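Take a look at the structure below.
As the structure is a prediction and not an experimental result, all values here were calculated from the model.
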Amino acid sequence: MDKFRIMMQFLQANQESFMNGICGIMALASAQMYSSFEFTCPCLPDYNYAYGVGILVVPPIWFFLLGFVLNNNISVLTEEWKRPVGKRRKDPGVLRYMFSSMTQRALIAPAVWIAVTLMHGRSFICAYSHSMDLSDFINSSYETLPRKALIKLQATLPCSDVFEAHDVISSEAAKRYIRCLSQACGWFFLMLITLVAFLARAIRPCFSQAAFLKTKYWSHYIDMERKLFDETCKEHAKSFAKVCIQQYFESISGEIVQHFHLPGKKGKGDKDEDPEKQKSDEEKLLGVRREEDMNKVLWNWHICKPPLNLKRQIKDMNGHAHSDTNSFSEEYLTHTSMKKTTVAYYSKV
């Protein structure tokens, strides 16, 4: 049970990487399933290109959108972009960093799909078999074949059960030639995305690291702030419901005692433990005890988030609280030293 809890905590802490890995595995598994089933190319000049390119392009778009859907930060980015400015300004650099980070992770699955599909070559053969120059594979006795008939003949190359003109064109040699071109495009695609990733990692240190660290820090802050706010709201809702239910049952039990004069019985820990539990629930309410107040808190959080300027509460000798933004002021330090001197004086007496 402890190992399971540790694993769940690890997955929650690395949720984005885990979901991106799932997307990549889904893309690879889908590509393998796609290649294992029989390829149903239309083998018609008017539909081969649309079908082959559609198989190559449409699933990566779906995987790309799925990567954004599975990434929880897309809602965080949208909320940060659309929220009113209020007391906290919006940094475009942080928004760009969050969007680029999500885009990079969402591109994993589409890249896997395109690479596997190009390496396999079926969709490439279906898309370009009728439009490529295959004159080197045509029998010399059929070189005078009309162009329209030749295109229709080449369009049936992907379909072994439909292609019947083996004496006109060598189908296996032509398909092997097109498959080699497809694999060459696949290797070029892999080299291209690898080069882009290398340049992105190599060039980034050339720019200001302070700006990068700033945007990275505040992007993490926005994500953590939302998670902690949701957790605090859940704790408040749980405590609010618990206190409300306790007060309801206490009022009902009071009415029952008044009408029926039932003797009160102490349970095993009714009056000893309940005040402590209720006190902790009361503390979790954080002073918000009414529906109107909670609605106001949530509304203010949406339209006007608090400024990123933490204040430290300082109590003076009279018990009054003062807010200090940066550190203890000189006046407070002087006041504290005076307080210590006074205590030492009375202790001597």
Side-chain angles (χ1 to χ4, degrees), residues 10-36 50-82 91-124 126-128 181-207 209 211-220 222-224 226-227:
F10 174 78
L11 293 179
Q12 289 177 359
N14 302 273
Q15 187 176 10
E16 295 180 9
S17 301
F18 175 73
M19 296 309 298
N20 292 328
I22 290 294
C23 289
I25 294 174
M26 287 173 56
L28 184 60
S30 300
Q32 291 297 329
M33 290 174 60
Y34 161 75
S35 61
S36 63
Y51 183 80
V53 174
I55 291 295
L56 188 64
V57 174
V58 174
I61 295 176
W62 179 76
F63 280 117
F64 181 71
L65 297 177
L66 183 63
F68 275 103
V69 171
L70 295 178
N71 197 322
N72 293 329
N73 286 338
I74 186 64
S75 58
V76 179
L77 176 63
T78 307
E79 291 176 3
E80 183 66 17
W81 177 49
K82 295 295 293 182
D91 190 353
V94 176
L95 299 179
R96 287 193 299 267
Y97 174 82
M98 295 176 65
F99 180 76
S100 63
S101 179
M102 287 186 295
T103 303
Q104 292 172 10
R105 296 187 179 99
L107 286 174
I108 297 175
V112 172
W113 175 272
I114 294 175
V116 172
T117 306
L118 287 176
M119 289 299 182
H120 197 274
R122 285 186 177 182
S123 62
F124 199 89
C126 180
Y128 295 102
L181 293 178
S182 176
Q183 292 177 354
C185 293
W187 282 112
F188 177 77
F189 175 76
L190 288 176
M191 290 296 296
L192 180 63
I193 60 176
T194 305
L195 180 62
V196 171
F198 169 75
L199 291 177
R201 287 188 172 272
I203 294 176
R204 187 167 62 183
C206 298
F207 296 95
Q209 285 294 305
F212 172 72
L213 292 175
K214 183 190 73 172
T215 55
K216 186 177 181 180
Y217 174 85
W218 289 116
S219 65
H220 289 321
I222 292 172
D223 185 27
M224 292 303 300
R226 186 196 182 194
K227 291 179 180 178

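Of all non-hydrogen atoms in Ile74 and Met102, the two that sit nearest each other are N-SD, 3.4 Å. Here the closest non-hydrogen pair linking Pro59 and Gly54 is CD-O, 3.3 Å. Taking all atoms of both residues into account, the shortest heavy-atom contact from Gly52 to Cys126 is N-SG, 4.4 Å. Residues Phe189 and Ala111 approach most closely at CE2-O, 3.6 Å, considering heavy atoms.
If you take CH2 on Trp113 and CD1 on Ile61, they are separated by 12.5 Å, rounding to the nearest 0.5 Å. Taking CG of Asn73 as the start and CE of Met98 as the end, the distance is 5.0 Å to the nearest 0.5 Å. With rounding to the nearest 0.5 Å, the separation of OG1 in Thr194 from CG in Leu199 is 11.0 Å. Atom OH of residue Tyr51 and atom CG of residue Leu56 lie 12.5 Å apart, to the nearest 0.5 angstrom. Atom CZ of Phe99 sits about 11.0 Å away from atom OG of Ser101, to the nearest 0.5 Å. Atom CG in Leu77 sits 12.0 Å away from atom NZ in Lys82 (nearest 0.5 Å).
Of the possible polar contacts, one joining the Ser182 side chain to the Leu118 backbone as a donor-acceptor pair under 3.5 Å is found. Using modelled atom types, no side-chain atom of Thr117 and backbone atom of Ile114 make a donor-acceptor pair closer than 3.5 Å.
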side-chain contact (heavy atoms from CB on, under 4.5 Å) between Asp91 and Lys214, intermediate numbers included:
CA-CA 10 Å; Asp91 190 353; Lys214 183 190 73 172; 3.8 Å; yes
side-chain contact (heavy atoms from CB on, under 4.5 Å) evaluation trace for Leu190 with Met119:
CA-CA 10 Å; Leu190 288 176; Met119 289 299 182; 3.8 Å; yes
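Scanning for salt bridge (Lys or Arg N to Asp or Glu O under 4.0 Å) contacts around Arg226 gives Glu79, with sequence neighbours left out. Evaluation of the side chain to side chain contact (heavy atoms under 4.5 Å, CB included) rule for Trp81 yields Leu95 as partners, not counting sequence neighbours. Applying the ring pair (Phe, Tyr, Trp, His ring centres under 6.0 Å) rule to Phe212 yields the partners Tyr97; only residues at least two apart in sequence or on another chain are considered.
Dense packing is recorded around CZ of Phe68, with more than 12 heavy atoms of other residues, nucleotides or ligands lying under 6.0 Å away.
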